[in-house]
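So the structure is just underneath, and the comments pick up after that.
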Amino acid sequence: MKKHLFITGLIIVSVHILWSQTQPKKIPDDESIVILKEIKEKLSVLKTAEIKFSLYTEKEGKTFNITKGHLWIKGDRYKLIIPSQHVYCDSVNMWNYLPQQNEVTISLYDPQDEENAINPIKLISNYQKHYRSAFIREIVEKGISIQIIDLYPLKASSFYKVRLYIDKSKKEIFKISISEHDGYTYTYTFDTFLKNPKLSNQLFIFNSSQYQDVEIIDIR
């Protein structure tokens with residue numbers, strides 16, 4: 001679940017683009033700081049979001065699994081739904097529900113925990129505390145200029161690189177991949193993105209009464 005929560009935290013997208021290969025254009029590494037600053041400024045007006053995404057699990061160029069997911073964000077609150085797991089966070093508590101086991105684990109929310117870093121506004125705003133950024137290249141796909149930036153964790157982690165694909169004209173991230181030491185790559189593309197929808201605070205609280213005979217494990 002760690003990789004799902006972490007990489008989802010980078011989600012902020014409004015378009016999904018088909019790809020084709022073109023000759024890359026090299027740009028100095030320090031350009032990454034300028035670009036991420038522009039994205040941060042655009043994110044500052046985002047208060048809520050609802051996003052549907054696709055997660056591709058790949059290794060050695062082969063796709064092993066495709067998972068559909070749904071994410072809601074409101075400040076420190078979030079709700080993440082994938083078939084195998086439902087995660088709720090109301091900014092104080094977290095509920096991790098496993099449908100197959102009909103089991104929910106309740107824990108306290110730690111905003112500093114990498115596993116919980118799924119708020120894109122905070123993550124981009126604070127990325128320099130946790131990552132080193134580098135501009136890799138600029139390419140053109142289907143007439144669209146795309147900037148590629150890599151983030152490298154400053155501390156030891158199961159992953160060694162996060163790659164951001166950015167629409168240059170829109171200044172929005174529309175595709176993200178995370179590369180792990182075991183050779184697996186997890187790539188997120190985004191199917192729909194709704195900015196600033198009205199979201200009730202109750203949406204982010206797990207309601208055990210809706211799940212008959214659910215087992216509750218409280219580790220708070």
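Each residue takes its place number in the sequence, starting with 1. This is a predicted model, so every value here is computed, not measured. No hydrogens, no waters, no symmetry mates; every other heavy atom, side chains included, goes into these values.
A heavy-atom distance below 4.5 Å is not found between the side chains of I173 and Y165. Residues K59 and F64 form a side-chain contact, since some pair of their non-hydrogen atoms from C-beta on lies under 4.5 Å apart. With contacts defined as side-chain heavy-atom distances shorter than 4.5 Å, the pair Y184/T57 qualifies. Side chains of Y56 and Y186 form no contact here, defined as non-hydrogen atoms less than 4.5 Å apart. Annotation: side chain of L164 is in contact with side chain of L151 (closest heavy-atom distance under 4.5 Å). Counting heavy atoms from C-beta outward, Y78 and M94 have side chains that approach closer than 4.5 Å. In this structure, the side chains of I178 and K161 stay at 4.5 Å or more apart for every pair of heavy atoms. For the pair V92/Y109, no side-chain contact is recorded, criterion being any heavy-atom separation below 4.5 Å from C-beta on.
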*asked:* S133 vs L36, test: side chain to side chain contact (heavy atoms under 4.5 Å, CB included). Steps then yes/no.
replied: CA-CA 9 Å; S133 66; L36 291 174; 4.0 Å; yes
*Please lay out, stage by stage, how L194 and I51 fare under the test side chain to side chain contact (heavy atoms under 4.5 Å, CB included).*
CA-CA 6 Å; L194 182 60; I51 302 157; over 6 Å; no
*asked:* Pair I33, E31 - check side chain to side chain contact (heavy atoms under 4.5 Å, CB included), show working.
replied: CA-CA 5 Å; I33 298 175; E31 183 71 9; over 6 Å; no
_Is there a side chain to side chain contact (heavy atoms under 4.5 Å, CB included) between I106 and R220? Walk through the geometry before answering._
CA-CA 7 Å; I106 309 174; R220 290 175 290 183; 3.5 Å; yes
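Residue L199 comes nearest to A49 through the heavy atom pair CD1-O, 3.9 Å, listed as atom of the first residue, atom of the second, then distance. Heavy-atom minimum distance, S84 versus P99: O-CD, 3.3 Å.
A 6.0 Å sphere centred on CD of Q101 holds more than 12 heavy atoms belonging to other residues, nucleotides or ligands.
Distance check, rounded to the nearest 0.5 Å: OG of S145 to CD1 of I139 gives 9.5 Å. Between the CD1 atom of I81 and the NE2 atom of H86 there is a distance of 4.5 Å, given to the nearest 0.5 Å. One distance of note links CD of Q100 with CD of Q85; it measures 10.5 Å at 0.5 Å rounding. Of the inter-residue distances, the one linking H70 atom NE2 with K52 atom NZ reads 5.0 Å to the nearest 0.5 angstrom. Interatomic distance, T48 OG1 to K195 NZ, rounded to the nearest 0.5 Å: 11.5 Å. Atom OG of residue S32 and atom CD1 of residue I166 lie 9.0 Å apart, to the nearest 0.5 angstrom.
Side chain of T63 to backbone of N65: no donor-acceptor contact under 3.5 angstrom is found. Put simply, the side chain of N196 never gets that close to the backbone of L46: no donor and acceptor are under 3.5 Å apart. In terms of modelled atom types and a separation under 3.5 Å, the side chain of H181 and the main chain of S157 share a donor-acceptor contact. Proximity of a side-chain donor or acceptor of K79 to a complementary backbone N or O of F204 within less than 3.5 Å is not detected. Without hydrogens or angle criteria, T185 side chain to S179 main chain gives no donor-acceptor distance under 3.5 Å.
Residues D90 and Y88 bring no donor and acceptor atom of their side chains to less than 3.5 Å of each other. Side chains of S177 and T187: no donor on one and acceptor on the other come within 3.5 Å.
Under the 4.5 Å side-chain contact rule for hydrophobic residues, I144 and F174 share a cluster.
Under the 4.0 Å criterion applied to side-chain N and carboxylate O atoms, D191 and K68 are assigned as salt-bridge partners. A salt bridge does not link E50 with K74: every distance from a Lys NZ or Arg NE/NH1/NH2 to an Asp or Glu carboxylate oxygen is 4.0 Å or more.
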List the atom pairs, donor and acceptor, that lie under 3.5 Å between side-chain atoms in residues 210-217 and the rest of the protein, sequence neighbours left out.
none

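Among I149, I136, I176, the single residue meeting the side-chain contact (heavy atoms from CB on, under 4.5 Å) criterion with R163 is I136.
Taking the six-membered ring where the residue is Trp, the centroids of F206 and Y97 are separated by under 6.0 Å.
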